Amino acid sequence: MQRRQFLKNSAVLSTAALTAGVWSETRAADSLSPNEKLKVLCVGTANRAGANVDGVKGEDIVGLCDIDSKYLAKAAAQFPSAKTYRDYREMIAEAADTADAIVISTADHNHAPAAIRAIRAGLHCYCEKPLTHTVHEARLIAEAAQEMGVATQMGTQIHAGNNYRRVVEIIRAGTIGDVAEVHVWVGKGWGGGERPESGDPVPEHLDWDLWLGPAPERPYKEGRYHPANWRRWWDFGQGTLGDMGCHYMDLPFWALDLRHPTRVAAEGPEVHPETCPLGLTVHYEFPARGSQVPVKMTWYDGDHIPKTVAGEKVPGSGVMFVGSEGKMFASYGNYRLYPEDSFKNFEPPTPTIPNSIGHHQEWIHACKTGAETTCNFDYSGALTESVLLGNVAFRTGKALDWDGKHLKATNCPEADALIQKQYRTGWEVA
């Protein structure tokens, strides 16, 4: 049996055992040496992708793919034994039978086309946030990963931080009572601008057609898209909400066991057909979960961020939980409880969530053993769906009554065109 198939079967067996409520002291892949390295493919090699390559460089990097030959040459010099590619479709088709796993760090619009091909080929998959470019893609990727039994992780690296874990424990301990209201804000503004009226010659080092991938064709324009400004364009990114929502909304999703909202409404400037807004407010309503009360969560970004939240002065980004017995502010690295006088003798609960071995290392461990990851595609897929629904509500101009089971806005048929999208031939996601 090929080694990759053995790893895949080990993960499937482990997942099946956990689902059935069976626990074994023997790991599913104990016959695989813990010192044996994964054979990893990397899609994207610079900037955020470079950080992800660095996160897995202790494994065996066997394939590198980038549409920018300058980036690719630099990465190839670091990993001289890796084969290089320009087209991730070619790399996956050629190397999937011998590789074990893949790391995907492209612009958002290429996440799902790369991930679905890798997952269907049986590769364990790490993918940057947001998991996908559309709501439908997120559901499809999550279901495919479960079907194939591969280990998955979305690149919400802050999820591995100790502070997030302590905040989750405090909220779950009932320290501030029942939480029915959450505010999330990020003072960043990926948006604005007009589509260029003309194009520029494509640099020799850049394969513009492959960069576009599934997106509609358009001329290359220096400085407008590659390598960073693609986030402000609907064809390639999802603005500030898409960029930062999975990082900051991750905390209330984790702490409050959120999954699918029932209603989503958004406020912002006039909708632009090409570019994302420079400021947005999104209102989410989530149903009760067991004994937990329904939750109203509000997202603010760009020029919509508040200076005070629930009566407290706040910095330029963060999360505020409003409970029946108090309030809690949290950022990436710290938290604060209000009223301060009521919590001056506060003793945090005994930690119950183990500290992370590292966000990339969690995934590597899962690939080798069949263990679970904390940002697997089931969890992060639902998170991504909710994040992206905010932009769907904004672009339709309607409050969406959302049927999460069927991926349907029951009161807004025009939302369908934004829940899914069309792909250029050869780049389909299915």
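Along the sequence shown, residues carry numbers from 1. Fair warning: this is a prediction, and the values are worked out from it, not measured in the lab.
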Would you check if Leu388 and Thr132 make a side-chain contact, meaning some heavy-atom pair closer than 4.5 Å?
yes

Which of parallel (below 30°), tilted (30 to 60°) and perpendicular (above 60°) describes Tyr126 and His360?
parallel

Within this structure, what is the CD-CD1 distance for the pair Glu147 and Ile119, rounded to the nearest 0.5 Å?
10.0 Å

Do Ser386 and Phe253 touch side chain to side chain, with heavy atoms closer than 4.5 Å?
yes

Is the shortest distance from a Lys or Arg side-chain nitrogen in Glu181 or Lys327 to a carboxylate oxygen in the other one below 4.0 Å?
no

Pairing of Asp108 and Lys129 as salt bridge, 4.0 angstrom limit:
no

Shortest non-hydrogen pair, Leu41 vs Ala99, comes out as CG-CB, 3.8 Å

Determine, stepwise, if the pair Asp66 / Thr45 fulfils side chain to side chain donor-acceptor pair (under 3.5 Å).
CA-CA 6 Å; Asp66 207 303; Thr45 61; 2.7 Å; yes

Any Ser317 side-chain heavy atom under 4.5 Å of Tyr332 side chain
no

Who are the side-chain hydrogen bond (donor to acceptor under 3.5 Å, both in side chains) partners of Lys83, not counting sequence neighbours?
Glu94

Roughly how far, to the nearest 0.5 Å, is CD of Glu137 from CD1 of Ile116?
9.5 Å

Rounded at 0.5 Å granularity, tell me how far CG in Asp60 sits from CG in Asp100.
9.0 Å

Between Cys276 and Thr240, is any pair of side-chain heavy atoms under 4.5 Å apart?
no

Residue from Arg224, Arg218, Arg395, Arg232 passing salt bridge (charged side-chain N to carboxylate O under 4.0 Å, His left out) with Glu274
Arg218

Do you know the tightest heavy-atom contact between Asn229 and Gly223?
ND2-O, 3.0 Å

At their closest point, which heavy atom of His133 faces which heavy atom of Asp235, and how far apart are they?
CE1-O, 3.4 Å

State, with a plain yes or no, whether a side-chain heavy atom of Tyr284 is found less than 4.5 Å away from one of Leu258.
no

Provide the closest heavy-atom pair for Gly318 versus Tyr248 in the form atom of the first, atom of the second, distance.
N-CE2, 3.7 Å

Residue pair His283, Glu285: steps toward the side chain to side chain donor-acceptor pair (under 3.5 Å) verdict:
CA-CA 7 Å; His283 305 278; Glu285 296 181 17; over 6 Å; no

Surrounding NZ of Lys421 (heavy atoms of other residues, nucleotides or ligands, distance under 6.0 Å), is the total greater than 12?
yes

Around atom CZ of Arg336, are there more than 12 heavy atoms from other residues, nucleotides or ligands closer than 6.0 Å?
no

Charged N to carboxylate O under 4.0 angstrom, Asp209 versus Arg424?
yes

Give the C-alpha distance, both sets of side-chain angles, the deciding distance and a yes or no for ring pair (Phe, Tyr, Trp, His ring centres under 6.0 Å) between Trp208 and Tyr225.
CA-CA 10 Å; Trp208 179 240; Tyr225 310 114; 5.6 Å; yes

His159/Trp254 aromatic ring centres below 6.0 Å:
yes

Atom CG in Asn163, atom CD1 in Ile158: separation rounded to 0.5 Å?
7.5 Å

Under 6.0 Å from the six-membered ring centre of Trp427 and within 45° of its axis: does the NZ or CZ of Arg89 meet both?
yes

For Trp185 and Pro315, work out which heavy atoms get closest and say how close.
NE1-O, 2.9 Å

Quick one: are Val186 and Ile305 in side-chain contact, heavy atoms under 4.5 Å?
no

Asn110 and Tyr88: side chain donor to acceptor below 3.5 Å:
yes

So SG of Cys125 and CD1 of Ile104: to nearest 0.5 Å the spacing works out to 3.5 Å

Starting at NZ of Lys368, measure out to CH2 of Trp363 and round the result to the nearest 0.5 Å.
10.5 Å

Taking the side chain as everything from C-beta on, heavy atoms only, tell me whether His247 gets closer than 4.5 Å to Gln157.
yes

Flag the pair Tyr335 / Phe321 as yes when their ring centroid distance falls below 6.0 Å, and as no otherwise.
no

With heavy-atom distances below 4.5 Å as the criterion, would you say the side chains of Leu389 and Ile419 are in contact?
yes

Hits for side-chain hydrogen bond (donor to acceptor under 3.5 Å, both in side chains) against Arg166, two or more places apart or cross-chain, chain-then-number order -> Glu169, Asn355

With ring centroids as reference points, do Trp211 and Phe236 lie under 6.0 angstrom apart?
yes

Any donor-acceptor pair under 3.5 Å linking the side-chain atoms of His124 with those of Gln153?
no

Do Asp207 side-chain atoms and Ile67 backbone N/O form a donor-acceptor pair below 3.5 Å?
no

Using the test side-chain hydrogen bond (donor to acceptor under 3.5 Å, both in side chains), find all partners of Lys408 that sit at least two apart in sequence or belong to another chain.
Asp416

Is Lys221 atom NZ crowded by more than 12 heavy atoms from other residues, nucleotides or ligands, each under 6.0 Å away?
yes

Tell me yes or no: between the side chains of Ser105 and Asn52, is some donor less than 3.5 Å from an acceptor?
yes

Taking NZ, NE, NH1 and NH2 as the nitrogens, is one of them in Arg231 or Asp243 under 4.0 Å from a carboxylate oxygen of the other?
yes

